[in-house]
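The structure displayed is predicted, hence computed values, not measured ones.
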Amino acid sequence: MLTLLFLVSTAALGLWLGQDRIIGLFVAGLNEHLAVPVRASRLEVSVLDQFPRLSITLHDVVMQGSVAADTTKLVRARRLFCAFDALDVLRGRYRIRRLTLADGQLNVRRDATGQPNYLILKPDTAAAADEPFALELKGIRLERVRATYADAARQQYFALQTPDLRAAVSLDGPRIDVSATGAAHLETIRLGSDDYFRAKDVQLNVLLRIDRAEQLVTIRPSEIKVGPAAYSVAGTVGYAGAPQLNLTAAARQANLRAVLALLPPRLTQRVAGYRSRGQVYFEGTVRGEWSAARNPAVEVRFGCREASFFHPEYRQQVEHVSLTGRFSNGVAHEAASAVLELKAVRGQLAGWPFSGDLRLDNLAQPVINLNLQAELDVARALKFFPVAAIQSAAGTASLRLALHGPLAALRRRPTARQASGELSLRAVTLRLRDLRQPFTGLSGQLRLSGSDVTVPTMQGRLGNSDFRGRGTVRNATGWALGPNQPLRIEATIASQLLDFNQLLYAYQPAGGGGAAGASGTSGGLHVPARLVLDVQTQARQVRYRRLRGRNLRGTLRLQNRVFSSPGLALRAAGGQLSVRGTVDARQPQLLKASTVASCQQVPLDSLFYVFEDFGQRFITSRHLRGTLTASAESDTYFDGQLSPLPDRLEAQIKATVRQGELLNFEPLQKLSLVADRATLRHLRFAELHNDFYIQSRTVYIPEMDIRSNVRAAALIRITGTHTFDQQLDYHVRIPLLPGLLPRAAARADGPTLGLAIRGTESNFTVRYETARPGRPAASPPVAGPSAAAGSAESAPVAAPRPRPTWELKKPVKKPAEPQPGGYFEF
């Protein structure tokens, strides 16, 4: 040990005494071999830096590239070690055997004209035997160095970082042999706009020969490892002009993840989470010129045998997968002539088999040839490859699909020869993202022929509603494969039950716009803009709020978000109802219904009960008996919750009531001067006809005659208004029969008693009205029979044909106006 220390100390002393000579020879040697200058903050000779070799250490090294106008430095490093063998130094021959670059950056570049910045060695760098200083590199070491390569003309960029990469360089005249081994972190290999090998740790074992005279790089069989996968490459790259490639590559011990690591994210983002087991292989060749004007010929063969693919998050896997594939960029060496083939594809998903083949021609404008057969467990299939529009599913299905032709034609309107297939569903349950209620018990067939899907039979349920029927879906392929494509459904549907409490709110698109969507509410009645419906329907039962209908029949159409029907008929409320018209749903928050409705022989009490007494409490279902035959023309507006907007309602109603009865109606109890209370509690009236008008939140009742069972007032005339906020203004005229007044006051045509009913439903008054114009329109409230009789005796004799002091005119229809912030159009 003491001897070794003595020798080291002696060598250090000798070097210190002769270091100026060594540094001088080193600088002179570099200038002789390098075509570019090297700058350093200082140089020193050391025994310890590269022990047991002697070394010259350059600190803060900067080396300019071979392109004079390029401001990016070729090399920047904190330290550069140039090592000599001790025996060479003792013999007076200074041969640089090894170089170590530490804590630096290497920037290799080619500018837009193809000029490289790495031509730093003079044409002849071989060491002469009698030269005191020469380069005879046996090893190069890169420690914590980031290396980049950028080619502006070809839009290529490579970047890697290496903690400790070792290389050996052998110079033989114009030929340079390079071998490199070690670990590296590949930041990216960018070709055009695509990044390959992005953020991958690799193990390199590369052998190169660079012939500067022939301008040829020969890649001897080399290997790059990414995890357990190993990729081999060999061939030549000529760079005398445009690069001439003749390369072969292959993979072994690869899996899906390792293969996907070669590809850019835009091609793998949908399947990046999947893993594989089993053998996945590929091999290929790249031959020809690679330049801005031409591409080399690319041929790749790939496949797998008894492989399995799975997604760790969904815990589903495809097993026993086998296929063979081929990719070629064709005779033109471009996307337009490229071909991708998958042959003999077979496997199992959760034990259910599938098979098929695929060919894609012309990747610029793809032409597809696909044949696929599969038996599916729907839930497991969707877990393995999720579809955003489907939240969950269950059941089984059989699929047969054939697509042949340009993808653009398939998206527009394919022929029956271009697109065909069949899907059979068995007890399938689907919960869709944009529907509140799930489809359950779906069973039936869907047959694809061209752009249309025919449904020979289909049955199932949507929430509480069931359906069975047949139909045709027009432009199904265009709607499925392209955005903003129309979809037309023509169907005949029968049902045992339609629950409109669910159906009207079933479609609620996720993330609906507007304030409603932001607040988490339903955001109105949303109807797909490009959906067209023509549905003939019949249902045994119908439900909506209190409505319980039977035998619904009719046609429902939808186009441009406007529902229409030439006629829907329904038995409900004890009678027959029918309606025709349109519902404009172009604005989810403001719907307009323009309808013509009619009913025949509908019991009044049932009608008022079903329609919840039409929003008032003055006269309700418990007050009425009889049957109603009526027709109504109306314009009705609804908000996003399908609640009516009474300010905008306009309607004209023609009504006939037969066998009518008025039970326990409180205002009649105050007319005891006409009949006893028992009779007034059960008032019967003959057939009644009248037209009613609704506008500006008011129901207008023109004058009508009511013939009742009250002997003292067999004919009653009534007119008035009833507002939606329950403000009453009714006017009643009752003819006074002989015997009720003194003989002197009686006339042949008889006098009348005028009454006014004003106030609200819960607080109203009944007052006398005079028959002559100009007299007071009201008298004190009627308190009872005696008060009423006294007042009648003191009243003047009525004129033969008295003119009422209050007269109702049919309102002039005014255009509805939107509320502040609203908008609609007829």
Side-chain angles (χ1 to χ4, degrees), residues 108-110 113-116 118-119 147 149-158 160 167-181 186 189-192 194 196-197 202 204-226 229-252 254 259 261-264 281-303 324-341 363:
V108 180
R109 298 160 57 88
R110 293 173 65 94
T113 64
Q115 185 69 24
Y118 49 80
L119 303 179
Y149 171 79
D151 190 329
R154 301 184 181 93
Q155 295 185 332
Q156 300 170 9
Y157 176 78
F158 307 155
L160 64 83
V169 178
S170 176
L171 302 177
D172 182 12
R175 290 185 295 275
I176 304 174
D177 290 325
V178 180
S179 64
T181 58
L186 268 175
I189 297 178
R190 183 177 302 151
L191 305 177
D194 292 328
Y196 298 78
F197 275 99
V202 300
L204 302 177
N205 187 5
V206 179
L207 300 174
L208 302 176
R209 165 166 285 187
I210 303 172
D211 191 326
R212 291 179 293 163
E214 298 292 334
Q215 294 187 315
L216 181 69
V217 177
T218 301
I219 305 175
R220 297 176 181 177
S222 302
E223 187 176 75
I224 302 174
K225 288 186 176 181
V226 182
Y231 305 96
S232 61
V233 62
T236 61
V237 178
Y239 60 93
Q244 298 291 328
L245 307 181
N246 186 4
L247 301 173
T248 62
R252 55 186 176 85
V259 173
L262 301 175
L263 304 176
Y281 65 90
F282 78 87
E283 58 184 10
T285 60
V286 180
R287 294 188 174 95
E289 179 181 322
W290 188 11
S291 65
R294 296 183 180 180
N295 294 316
V298 178
E299 294 282 343
V300 180
R301 294 164 297 281
F302 58 92
T324 59
R326 179 180 74 90
F327 171 79
S328 171
N329 61 357
V331 294
H333 304 169
E334 59 184 18
S337 62
V339 177
L340 174 64
E341 282 186 303
L363 299 186

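- With hydrogens and angles left out, the side-chain atoms of Ser328 and Glu299 include a donor and acceptor closer than 3.5 Å.
- Counting all heavy atoms, side chain and backbone alike, Ala240 lies closest to Gln215 at CA-OE1, 2.8 Å.
- Looking at every heavy atom in both residues, Arg110 comes nearest to Tyr149 through CD-OH, 3.0 Å.
- In this structure, OH in Tyr157 is found 12.0 Å from CD1 in Ile189, a value given to the nearest 0.5 Å.
- Taking CZ of Phe302 as the reference point, atom CG of Leu340 lies at 5.0 Å (rounded to 0.5 Å).
- Heavy atoms only, all atoms of each residue included: Pro221 and Leu207 are closest at O-CD1, 4.3 Å.
- Under the 3.5 Å distance criterion, the side-chain polar atoms of Thr181 are left unmatched by any main-chain donor or acceptor of Asn205.
- Considering Thr236, Val237, Ile219 in turn, Thr236 is the only one that fulfils the side chain to side chain contact (heavy atoms under 4.5 Å, CB included) rule with Asn246.
- To the nearest 0.5 Å, the span separating CZ on Phe282 from CZ on Arg301 amounts to 11.5 Å.
- The only option from Thr285, Val286, Asn295, Val298 that meets the side chain to side chain contact (heavy atoms under 4.5 Å, CB included) definition with Leu245 turns out to be Val286.
- For Phe327, there are no ring-ring contact (aromatic ring centres under 6.0 Å, His included) partners two or more places apart in sequence or in a different chain.
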Test log, rule side-chain contact (heavy atoms from CB on, under 4.5 Å), inputs Glu283 and Thr248: CA-CA 8 Å; Glu283 58 184 10; Thr248 62; over 6 Å; no
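- No side-chain heavy atom of Arg175 sits under 4.5 Å from any side-chain heavy atom of Thr218.
- Note that NE2 of His333 and CZ of Arg287 are 11.0 Å apart. Values are rounded to the nearest 0.5 Å.
- Ile210 meets the side chain to side chain contact (heavy atoms under 4.5 Å, CB included) test with Ile176, Arg212, Val217, Tyr239; sequence neighbours excluded.
- For Glu214, the CD atom counts as loosely surrounded, since its 6.0 Å shell holds 12 or fewer non-hydrogen atoms of other residues, nucleotides or ligands.
- Residues Leu208 and Asp177 are not in side-chain contact: their nearest non-hydrogen atoms beyond the backbone lie 4.5 Å or more apart.
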